[in-house]
2 protein chains.
Amino acid sequence: MTDISRPATSPGASPLFLREDEIRRGVELLYFGYTRLTNAIDQELAKQGLGRAHHRALYFIARQPDLTVGELLRLLAITKQSLGRVLKELHDRDLVVTKTGALDRRQKLLRLTDNGAALEAELFAQLRERLSAAYVTAGQESVSGFWHVLEGLVPESDRQMVFDLRKDKS
Amino acid sequence: MTDISRPATSPGASPLFLREDEIRRGVELLYFGYTRLTNAIDQELAKQGLGRAHHRALYFIARQPDLTVGELLRLLAITKQSLGRVLKELHDRDLVVTKTGALDRRQKLLRLTDNGAALEAELFAQLRERLSAAYVTAGQESVSGFWHVLEGLVPESDRQMVFDLRKDKS
DNA sequence: GAGATATGTCAGTCATGTTGACGTATCTTG
DNA sequence: CAAGATACGTCAACATGACTGACATATCTC
């Protein structure tokens, strides 16, 4: 949070603001980095007859077991109708199970089955391979910077939700 | 391309490879950072009745005037049929013009019209606002790290193409 | 008991990608 | 110069994953 006091609305105050090329470089690297990373798992997904939408759900359920449907909706920022179809397919394929919430019986808590966990692990291995290669090449200091800039791209209103992924529930 | 000599294929050499949480943190930040940044311009695009696919084309044509259709296809990594529809719409709306290549008359060189350039600038302003705020908050060192890690995510085979965006065509 | 909330579902639509096939103009090469 | 490769365009059919709008049910909260 260094330099937070510098007004982003005052272009003259920061040389960064004026350098169009530095902004474009970030836009492009973010685009290529993100799309190429996600491409890495498409082939694996296609084998199972699943799409990226399924992977995103699997990923977050793996990351935070007993996630509720509502929490997952907020993470994915899609409509419940869209998510409903995805969850139904994952359930039909025995990759995800739901149980009724203990505290609030209206909620459904999502968990991966053993099959689901195995598939998620296989997909995650692809991501790990690519990302750890990039981490190693860039070095630890760069990794911190990478995280730091990306955190700044997440709107304030979503930041807590994203950080909470790192904590266990309960 | 510094550190290129460090073997990315030697997992044991770095504790990073074993830390699942650091990989997941990168995956999540990349996902949220990328999607939230692109969301930032959706509203503006919707006003014009355009989608993200149109923006991607506008962006790269702005970035490298006289880009050929084939080059744009390689950047976007989609089929010519998909791109054809997008370019047709941009042309119909007087945002893009094509001219026949001087050296190779089979090629079509793409350029933004004044309207197209104005729209692209308006959309770019949104990206600049978000990214420069993140850059300023994170600091210059972090920005370098951000770039460095992302470069490592771009497959070797695409890297030259991405770097070439920074050069003018001659 | 009344209203808010969490979830599910039906139905229709849209944006954006895909495959496959085919046509034309132009360049390159034997 | 003829033959083949290349750059681009286009028709048609289809898949995925989003969307809106409407409505149903169970459960919680006050």
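Chain letters run A, B, ... following the sequence lines, proteins first, then strands; residues in each count from 1. Any value given below was found using the heavy atoms of this structure, including those in side chains, with hydrogens, waters and symmetry copies removed.
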Using the side-chain heavy atoms of B:Ile78, tell me which of these nucleotides is nearest: C:dT19, C:dG17, C:dA6. C:dG17
With sugar-phosphate meaning primed atoms plus P, OP1 and OP2, does B:Gly51 contact a base, only sugar-phosphate, or nothing at under 4.0 Å between heavy atoms? sugar-phosphate
Quickly work out the B:Leu45 CG to C:dA15 P distance and round it to whole Å. 13 Å
Does D:dT16 have OP1 or OP2 sitting under 4.0 Å from an N or O in the side chain of A:His54? no
Please tell me if B:Thr79 has a side-chain N or O lying less than 4.0 Å from either OP1 or OP2 of C:dT18. yes
Any N or O donor-acceptor pair linking the side chain of A:Lys108 to the base of C:dT7 at under 3.5 Å? no
Ring centres under 6.0 Å, that's the criterion: do B:Phe32 and A:Phe163 meet it? no
Take the protein atom CG of B:Leu72 and the nucleotide atom C1' of D:dA7, then report the distance between them rounded to whole Å. 14 Å
If you measure from the Lys or Arg side-chain nitrogens to the Asp or Glu carboxylate oxygens, is any gap between B:Asp158 and B:Arg74 under 4.0 Å? no
Could you tell me the separation between the CZ atom of A:Arg63 and the OH atom of A:Tyr59, rounded to the nearest 0.5 Å? 5.0 Å
Step-by-step salt bridge (charged side-chain N to carboxylate O under 4.0 Å, His left out) determination, B:Arg25 to B:Glu28: CA-CA 5 Å; B:Arg25 189 175 176 188; B:Glu28 287 147 22; over 6 Å; no
Scan B:Arg85 against the nucleic acid and name what it touches under 4.0 Å (heavy atoms): base, sugar-phosphate only, or nothing. base
Ionic contact status for A:Glu20 with A:Arg24, cut-off 4.0 Å: yes
Checking side-chain polar atoms at under 3.5 Å, does A:Arg52 have a donor or acceptor matched by the opposite partner on A:Asn39? yes
Please give, in whole Å, the distance from C:dA25 C1' to B:Gln107 CD? 13 Å
Between the side-chain atoms of A:Gln81 and the base atoms of D:dG21, is any donor-acceptor pair under 3.5 Å? yes
A:Thr38 side chain reached by A:His55 side chain, heavy atoms, under 4.5 Å: no
Look at all strands and tell whether A:Lys88 reaches a base, only sugar-phosphate, or nothing, counting heavy atoms closer than 4.0 Å. nothing
Nucleotide N/O to protein N/O under 3.5 Å, stretch nucleotides 26-29 of chain D:
residue, atom, partner, partner atom, Å
D:dT27, OP1, A:Arg105, NH2, 3.3
D:dC28, OP1, A:Arg105, N, 2.8

